[in-house]
Amino acid sequence: MSEERSLNFLEEIIEDDIKNGRNDGRVHTRFPPEPNGYLHIGHAKSICLNFGLALKYNGKTNLRFDDTNPETEETEYVESIKEDVKWLGFNWENELYASNYFDELYAFAVKLIEKGLAYVDDSSPDEIAAQKGSPTEPGTPSPYRDRTIEENLRLFSEMKDGKYLDGEKVLRAKIDLSSPNMHLRDPLMYRIRHAKHHRTGDKWCIYPMYDFAHGQSDAIEKITHSICTLEFIPHRPLYEWFIDKLDIFPSRQYEFARLNMTYTVMSKRKLLQLVNEGFVNGWDDPRMPTISGLRRRGFTAASIRDFCDRIGVAKRENSIDVSLLEFCIREDLNKKAWRRMAVLDPIKLVITNYPEGEEILHGENNPEEEGGGGSRDIPFGRELWIEREDFMENAPKKFFRLAPGLMVRLKHAYIIKCDDFVKDESGNITEVHCSYFPESKSGQDTSGIHVKGTIHWVSIPHAVTAEVRIYDRLFRSEDPAANGEDFKELINPESLQTIPQIYIEPDLAKAEQGVGYQFIRKGYFTLDKDSSAGKLVFNRTVSLKDTWAKEVKKG
RNA sequence: UGCCCGAUAGUAUAAAGGUAGUACGACGGUUUUUGGUACCGUUUGUCUAGGUUCGAAUCCUGGUCGGGCAACCA
């Protein structure tokens, strides 16, 4: 709180507006998704921005579905969007739909026709495109541009009544065919689409275009700050033109740079292809940058909010390093996740001087949690699973694990010394033999022995099995979108690695979905929805930072 | 060869004419019963050329580079 944070450009605008008494100091934003796909991390930036601004300035935020294109929009998407926004921790003021305003929008269009500012055009799409000219050449008027108001009124009404086929006629605004801004060269306002709408059904066969719906919806809701992404900058004069000619509430549009992230694609169209063409297993595949994918992967809402806070808001194009997202989830989970032990690649360890039978040890749930977070029981015995990579026959000098003659501590248990190992006929190590120091028990160590390394383990007779899914980045390239439509060629073939059987400590049999666990020394994991009573499946959310792996790579 | 937006360490983001700072990354170290965490340190930057000014990342002009705009998508 004491830390003063500089304002982003939108906060500056809002504070300025409040200071000047604009809108009576009222702040009302909106988050306007089109229900034609699942929300992704880029939307999270927009959500955090819109809801965050309202929260900060004591305002409100509407959730408004921009559903003016019946051909691509579905209720399934509406539901997922609502779930994701809620999960992120935000509450909208009103759940609204652009389709709620179809009657008003129609009346607005009639009003513009009456003012001589809109006309029905019978030109084909190609003809209209030609009429618009090019950025360097002015457009030419449609032969239908000067129809009388009465004729336009009649024709538009007939369009609404279903008298024409798709594409036969459109309604266009009459603005300026020689404008240097292409969007002002008599843009389309309405098109004919005999399609069933997810909300209005068959009531309408004409649908407003984005430009004739968005600003007016903002105005109807008295949105004060309509925040969108950079590509809408050239639309702003049109947004203002409609508001001005219709004489409705003057909402204002502001634009910020959308989020891009390394090693991922961030367009709904591309994500849809990944889903439809089977490169991933659905919108919520844990490798997807969707909110639902991240959630299934084990990301917390808090970590995503923190990420959105750290990336900032500005108007320049950007590409955020995924490592920042990974930092955010590690930071959050470090504080929250319960520590547990799991062996992913097992090798058998025998403590030769340990008696038959078991002993119950105790392990802290989370050393980072204030007050300790309690502890759980861990059965220990003579035969344990340990990680194969924690033993080396010929260890390099800085290897602080097991090798003949070396000592390590078994986490929450005893210090052991490696005496011997067993190999099978093909040279694979099958067993490691150690002796333990009874007086070195964790928490009551009087042995005086100091070891550099600690390794995790699971008691063989008590071990529970599970499947684990290890994820890597979906793309091999830092900027897959730069490859255009061929982005799919850059998919990382090793983005999903399934380990069918790992050994986990018995307490983990009680694992629940939506909870993050740290498998000590291995990473953060969470229970996947594919789990069933007889089969536990864990997703690795993110690995732990691993400076040893880095050391090894350096050689 | 039109119009619009933008340009600060590797990546983001501050500095509103007055010491270029912060985070992530990278690198090194201390602590540690997780090679985790925590803590400390190091490294690297104002696109360019002029101009205004005592003083410019900031203001002005030209250039360069990047992005967007000519869907009956949003």
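So that the names make sense, note that chain A is the first sequence line, chain B the second, and so on, each numbered from 1.
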What interatomic distance, in whole Å, is found between [atom1] of [M] and the corresponding atom of [N]?
{"N": "B:A9", "M": "B:C47", "atom1": "P", "answer": "7 Å"}
{"N": "B:U43", "M": "B:G10", "atom1": "P", "answer": "14 Å"}
{"N": "B:U8", "M": "B:A20", "atom1": "C1'", "answer": "8 Å"}
{"N": "B:C4", "M": "B:U44", "atom1": "P", "answer": "39 Å"}
{"N": "B:A16", "M": "B:G21", "atom1": "P", "answer": "14 Å"}
{"N": "B:C69", "M": "B:U1", "atom1": "C1'", "answer": "16 Å"}
{"N": "B:U61", "M": "B:A7", "atom1": "P", "answer": "16 Å"}
{"N": "B:C24", "M": "B:U37", "atom1": "P", "answer": "11 Å"}

Rounding to a whole Å, what distance do you find between [X]:[atom1] and [N]:[atom2]?
{"X": "A:L325", "N": "B:A12", "atom1": "CG", "atom2": "P", "result": "15 Å"}
{"X": "A:D479", "N": "B:A12", "atom1": "CG", "atom2": "P", "result": "11 Å"}
{"X": "A:N318", "N": "B:C24", "atom1": "CG", "atom2": "C1'", "result": "14 Å"}
{"X": "A:L259", "N": "B:U11", "atom1": "CG", "atom2": "P", "result": "16 Å"}
{"X": "A:I233", "N": "B:C4", "atom1": "CD1", "atom2": "P", "result": "12 Å"}
{"X": "A:R258", "N": "B:C5", "atom1": "CZ", "atom2": "P", "result": "19 Å"}
{"X": "A:F256", "N": "B:U13", "atom1": "CZ", "atom2": "P", "result": "12 Å"}
{"X": "A:R185", "N": "B:C4", "atom1": "CZ", "atom2": "P", "result": "14 Å"}

Any luck finding a side-chain donor-acceptor pair between [X] and [Y] under 3.5 Å?
{"X": "A:D218", "Y": "A:Y239", "answer": "yes"}
{"X": "A:N366", "Y": "A:E368", "answer": "no"}
{"X": "A:E76", "Y": "A:Y38", "answer": "yes"}
{"X": "A:S123", "Y": "A:Q131", "answer": "yes"}
{"X": "A:T264", "Y": "A:R473", "answer": "no"}
{"X": "A:R258", "Y": "A:N318", "answer": "no"}
{"X": "A:R30", "Y": "A:H214", "answer": "yes"}
{"X": "A:S134", "Y": "A:E137", "answer": "yes"}

Per-nucleotide protein contact string for nucleotides 31-48 of chain B (B base, S sugar-phosphate only, - none; heavy atom under 4.0 Å): --BBBBS-----------
Letter per nucleotide, 5' to 3', of nucleotides 62-74 of chain B [B base touched, S only sugar-phosphate touched, - untouched; heavy atoms, 4.0 Å]: -----S-SBSBSB
Polar side-chain atom of A:H183 near backbone of A:P237 as donor-acceptor pair, under 3.5 Å: no
Nucleotide pairing, RNA chain B (Watson-Crick or G-U, distances under 3.5 Å), in dot-bracket with [ ] and |: .((((((..((((....[..)))).(((((.......)))))....(((((..]....))))))))))).....
Lys NZ or Arg CZ of A:R199 over A:Y97 ring: under 6.0 Å, within 45°: yes
Quiz item: cation-pi between A:K270 and A:F487, 6.0 Å / 45°: yes
Under 4.0 angstrom between A:R310 side-chain N/O and B:U22 OP1 or OP2: no
Residue that, paired with A:D390, satisfies salt bridge (charged side-chain N to carboxylate O under 4.0 Å, His left out) out of A:R401, A:R409, A:K522, A:K411: A:R401
